[in-house]
Amino acid sequence: MSEKSLAFVFPAFANEYPDDPFHHLTGFAKYFEKCLQQAAELVSPDLAEFNFKTRTFLDDELKTQFITYIFSCALSSYFKDRGISSAYSAGYSMGIYAAFFHSDIVSFQNGLKLIYRAYKSIRTVTSNAKFSMGTVIGLSRDDVLGIIEQTGSHVEITNQNNVCSFVLGGIEEDIRKLLDFAKSEGALSTNVIPVSGPYHTSYINPPGADHQMIMRGIQFNNPAVPVVSLIDQKILKGEQSLRDEIIRNLYTPMNWFKTQLYIQHLGVSGFIECGIGKGLTKNAKFIEGDAVFLSPSNLFLS
Amino acid sequence: MRIRKNRVSKMAVITEITKKEVKEIVFNFFADECEVDLAEIHNETNIIQDLDGDSLMFLELIEIFKKKYNLDIELKTIGKYAVKHPIQTIGQLIDMQLLIIEHENKLLELEK
């Protein structure tokens, strides 16, 4: 497969870890340990205690984001050192920080800072209510929008993964009611996502909200690898556009379905999921096109 | 192999060959997807607890059968049926797939 035809995609955050994510990738553990130590020194000493087998931090939203980011960045460096490069990168939801690291837009340390500050900023503007997120599989977009309207829910569609798979965010109680109703309307599956913030909804951008503090003192470089926005499926160009993307990514719906199709349209025939799990790879089976999707568990490198 | 359909009722005829074929597809699918030995899968195997299966696998399997048998069925019809007849085991899933092939979008009429 030509390197020019590859795109690296970076997942949001894990809700499960494999027991041994390193056995396919000889030498990768050292990359991960190095990044973990750097992160422990910069943002939280607890991170040094991380262990895949004991499922450390899976109940801690912020630390799970850190671990996912650390893993993704370590993978990016591991691939680069082996001459595996990508023509494009894209970050799924909070995977945007790792995508920016991969494209040399921000340093590893500044990516950690952005995650920490974004998390705190979201907590500040959502402290007035309990929020949640959920997934609906097996209904169309019109069906889901109809259910939101019919139930009068304070819920928004935050992402479309494929033609019949949606992510929702909003008031916790409304999310639960809506998921129950969706099931009775024929959804094949509904699930609550164990997060406290309604990522990618307008609830994160109430009147008076100011997320600009997230960017304070963060240097942005020109992308070494073009980054595709999941919000409008455009290639991000110029420093201001990159900065704007970090902010609007917090409260704007994205569309992973359209983004994958757009990246294929750019000539990409292979995607590598640079993350702990293989959720994006699984989902890709429902996207039309001939592109191959691989996760680290499919790769054997030395 | 395309299944033959009864022209009067427009319901597919489920033959022993169809049953065998559906079983093979389901068993092979989960063996591949869940990276387990085919011999470890039985009708009583619990899809979530024993195989760590998920709803995307269920969706993929439905799409496989829709294409193979040229089925006219909406996903939400299957979803509504599944609410009343939850699937836990491989055997239950095979039974449901056979009903889907046989009744397609009239699946919910079985409830009446």
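The shown structure was predicted, so the numbers you read here are calculated from the model rather than taken from an experiment. A, B, ... follow the sequence lines: proteins, then strands. Residue 1 opens every chain.
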Subject >> Neighbours of chain A found in residues 79-93 of chain B - heavy atoms under 4.5 Å >> reply: B:Gly79, B:Lys80, B:Val83
Subject >> Any residue of residues 25-33 of chain B which, by heavy atoms, sits under 4.5 Å from chain A >> reply: B:Glu33
Original post:
Which bit of A:Ser165 comes within less than 4.5 Å of chain B, counting heavy atoms only: side chain, backbone, both or neither?
Top reply: neither
Mark yes when over 12 heavy atoms from residues, nucleotides or ligands other than [X] sit less than 6.0 Å from its [atom1]; otherwise mark no.
{"X": "B:His103", "atom1": "NE2", "value": "yes"}
{"X": "B:Lys23", "atom1": "NZ", "value": "no"}
{"X": "A:Asp290", "atom1": "CG", "value": "no"}
{"X": "B:Asp52", "atom1": "CG", "value": "no"}

Subject >> B:Thr45: partners by side chain to side chain donor-acceptor pair (under 3.5 Å), with sequence neighbours left out >> reply: none
**OP:** Rounded to the nearest 0.5 Å, what's the gap from SG on A:Cys164 to CD on B:Glu74? Could you check?
**Re:** 12.0 Å
Subject >> A:Ile137 side, atom CD1; B:Asp54 side, atom CG - distance, nearest 0.5 Å >> reply: 7.5 Å
**OP:** Indicate the atoms forming the closest heavy-atom contact of B:Leu75 with A:Gly138, along with that distance.
**Re:** CB-O, 3.6 Å
**OP:** Determine the option with the most heavy-atom pairs under 4.5 angstrom with chain B, choosing from A:Asp143, A:Asn162, A:Asn283.
**Re:** A:Asp143
Subject >> For A:Phe52, all residues meeting ring pair (Phe, Tyr, Trp, His ring centres under 6.0 Å), sequence neighbours excluded >> reply: A:Tyr17, A:Phe22, A:Phe32, A:Phe50, A:Phe71
